[in-house]
Amino acid sequence: MARATVPPRLELRFLGEIAVLRDGKAVALPPSRKTRALLAYLVLSGRAHRRERLCELLWDVADDPRAELRWTLTKLRALVDTPSQERLRADRESVAFAADGARVDLLWARASAEQGLDRLPTPALREVAAEFRGELLEGLELPDFLDFHAWCVAERESARSLHERVLRALVPRLEEDVETVLPYARTLVRLAPLDEAARAHLVHLLATSGRRDEAEQQHDAGVKL
């Protein structure tokens with residue numbers, strides 16, 4: 001009896017530079033920033049969009065926006081679809097991304113947070129923190145396309161806020177292990193530079209671990225701010 005074919009597992013990473021992994025292996029991305037931007041927009045918005053809206057979002061100055069959109073969708077299908085599974089679903093009117101078991105880092109982090117960060121076990125909380133490999137859609141700048149840029153800025157702020165909440169829940173749990181907690185405490189101060197309590201805590205951890213020069217630098221930076 002023939003073995004059933006298992007669809008390859010798809011992972012989409014948007015926290016940091018965009019990456020698409022299939023069965024744990026990175027897939028080469030199209031060089032076009034607009035293609036990557038459309039992928040992020042469809043996946044993270046989580047709903048269908050009319051073709052006219054997508055054309056306005058990224059191709060408002062193109063000679064033939066609909067042709068540009070069709071070409072881009074062809075490139076995206078090669079990334080996310082398989083012979084047995086169609087995730088990019090489009091008709092004459094609209095386009096949508098169907099997750100269908102795909103793992104999306106930001107969406108997974110949000111779903112974990114909805115369970116209650118305080119209720120998550122520490123290992124699970126560290127897994128959520130590890131998803132934040134960098135700024136959302138890092139390096140993907142399209143400032144000339146105002147609607148997309150505004151959406152991107154809002155999504156980045158939302159992701160940054162979630163990252164901060166995760167760290168605020170995690171840092172107190174690792175208080176007794178200075179070497180483990182320090183990277184998280186440093187990141188928290190970077191995300192919330194005006195939080196005096198977070199910076200004071202970091203200074204204390206650095207001094208406790210013998211990093212007095214860095215502790216003084218952090219203290220001085222806080223005073224300047």
Worksheet item: Does some side-chain heavy atom of R53 sit less than 4.5 Å from a side-chain heavy atom of L57?
Response: yes
Discussion item. Could you check whether any side-chain heavy atom of R51 comes within less than 4.5 Å of a side-chain heavy atom of R70, counting everything from C-beta outward?
Written reply: yes
Worksheet entry | Donor-acceptor contact below 3.5 Å, side chain E52 vs main chain S94 | no
Worksheet item: Does some side-chain heavy atom of F97 sit less than 4.5 Å from a side-chain heavy atom of L12?
Response: yes
Worksheet item: Counting only N and O atoms by type, is there a donor-acceptor contact under 3.5 Å from the side chain of R22 to the main-chain atoms of L10?
Response: no
Discussion item. Whether the side chain of R133 engages the backbone of L15 through a donor-acceptor N/O pair (distance < 3.5 Å, no angle test) should be reported.
Written reply: no
Item to complete: Quick one: pull up CZ in R36 and CG in L137 and give me the separation to the nearest 0.5 Å.
Response: 11.0 Å
Worksheet item: In terms of hydrophobic clustering (I, L, V, M, F, W, Y; side-chain heavy atoms under 4.5 Å; direct or indirect links), are L191 and V203 co-clustered?
Response: no
Practice prompt. Kindly say whether G24 contributes a backbone atom to a donor-acceptor pair with the side chain of R9 at under 3.5 angstrom?
Written response: no
Worksheet item: Going by the angle between their ring planes, with limits at 30° and 60°, are H49 and Y41 parallel, tilted or perpendicular?
Response: tilted
Item to complete: Please collect all salt bridge (Lys or Arg N to Asp or Glu O under 4.0 Å) contacts where either partner lies in residues 216-225, sequence neighbours excluded, each pair once.
Response: none
Worksheet item: Counting distance only, does the side-chain N/O of R165 pair as donor-acceptor with the main-chain N or O of S161 below 3.5 Å?
Response: no
Worksheet item: Heavy-atom count around E11 CD within 6.0 Å, excluding the residue itself: above 12?
Response: yes
Worksheet item: Going by heavy atoms in the side chains, are F14 and L39 under 4.5 Å from each other?
Response: yes
Worksheet item: In this structure, are over 12 heavy atoms from other groups packed under 6.0 Å from R212 atom CZ?
Response: no
Practice prompt. Mark yes or no for whether R186, through its side chain, and L202, through its backbone, hold a donor-acceptor pair below 3.5 Å.
Written response: no
Item to complete: Could you walk me through whether S209 and L182 pass the side chain to side chain contact (heavy atoms under 4.5 Å, CB included) test, one step at a time?
Response: CA-CA 9 Å; S209 64; L182 266 176; 3.9 Å; yes
Worksheet entry | Atom of L88, atom of V95 and distance for their closest heavy-atom approach | CD1-CG1, 4.2 Å
Under 3.5 Å, sequence neighbours excluded: what are the donor-acceptor pairs made by side chains of residues 168-175?
unit_1	atom_1	unit_2	atom_2	d
R168	NE	E164	OE2	3.1
R168	NH1	D195	OD2	2.8
R168	NH2	E164	OE2	2.8
R168	NH2	D195	OD2	2.7
R173	NH1	L120	O	2.5
R173	NH1	T122	OG1	3.3
R173	NH2	L117	O	3.1
R173	NH2	D118	O	3.2
R173	NH2	L120	O	3.0
E175	OE1	H201	NE2	2.8
E175	OE2	H201	NE2	3.0

Discussion item. Under a 4.0 Å threshold between the charged nitrogen and the carboxylate oxygen, would R156 count as salt-bridged to E141?
Written reply: yes
Worksheet entry | Audit row: L225, R199, side chain to side chain contact (heavy atoms under 4.5 Å, CB included) steps and yes/no | CA-CA 11 Å; L225 285 170; R199 189 177 297 273; 3.4 Å; yes
Practice prompt. Could you tell me whether the side chain of P30 reaches within less than 4.5 Å of the side chain of L79, counting heavy atoms only?
Written response: yes
Worksheet item: For S45 and R47, what are the C-alpha separation, side-chain angles and deciding distance, and is it a side-chain hydrogen bond (donor to acceptor under 3.5 Å, both in side chains)?
Response: CA-CA 6 Å; S45 65; R47 62 182 182 86; 5.3 Å; no
Worksheet entry | From CA spacing to verdict: side chain to side chain contact (heavy atoms under 4.5 Å, CB included), L38, L73 | CA-CA 9 Å; L38 181 61; L73 292 176; 4.0 Å; yes
Item to complete: Answer whether the closest heavy-atom distance between the side chains of R66 and W59 falls below 4.5 Å.
Response: no
Worksheet item: Are any of the side-chain heavy atoms of V153 and E157 separated by less than 4.5 Å?
Response: no
Discussion item. Using side-chain heavy atoms (C-beta onward) and a distance below 4.5 Å, is L21 in contact with V27?
Written reply: no
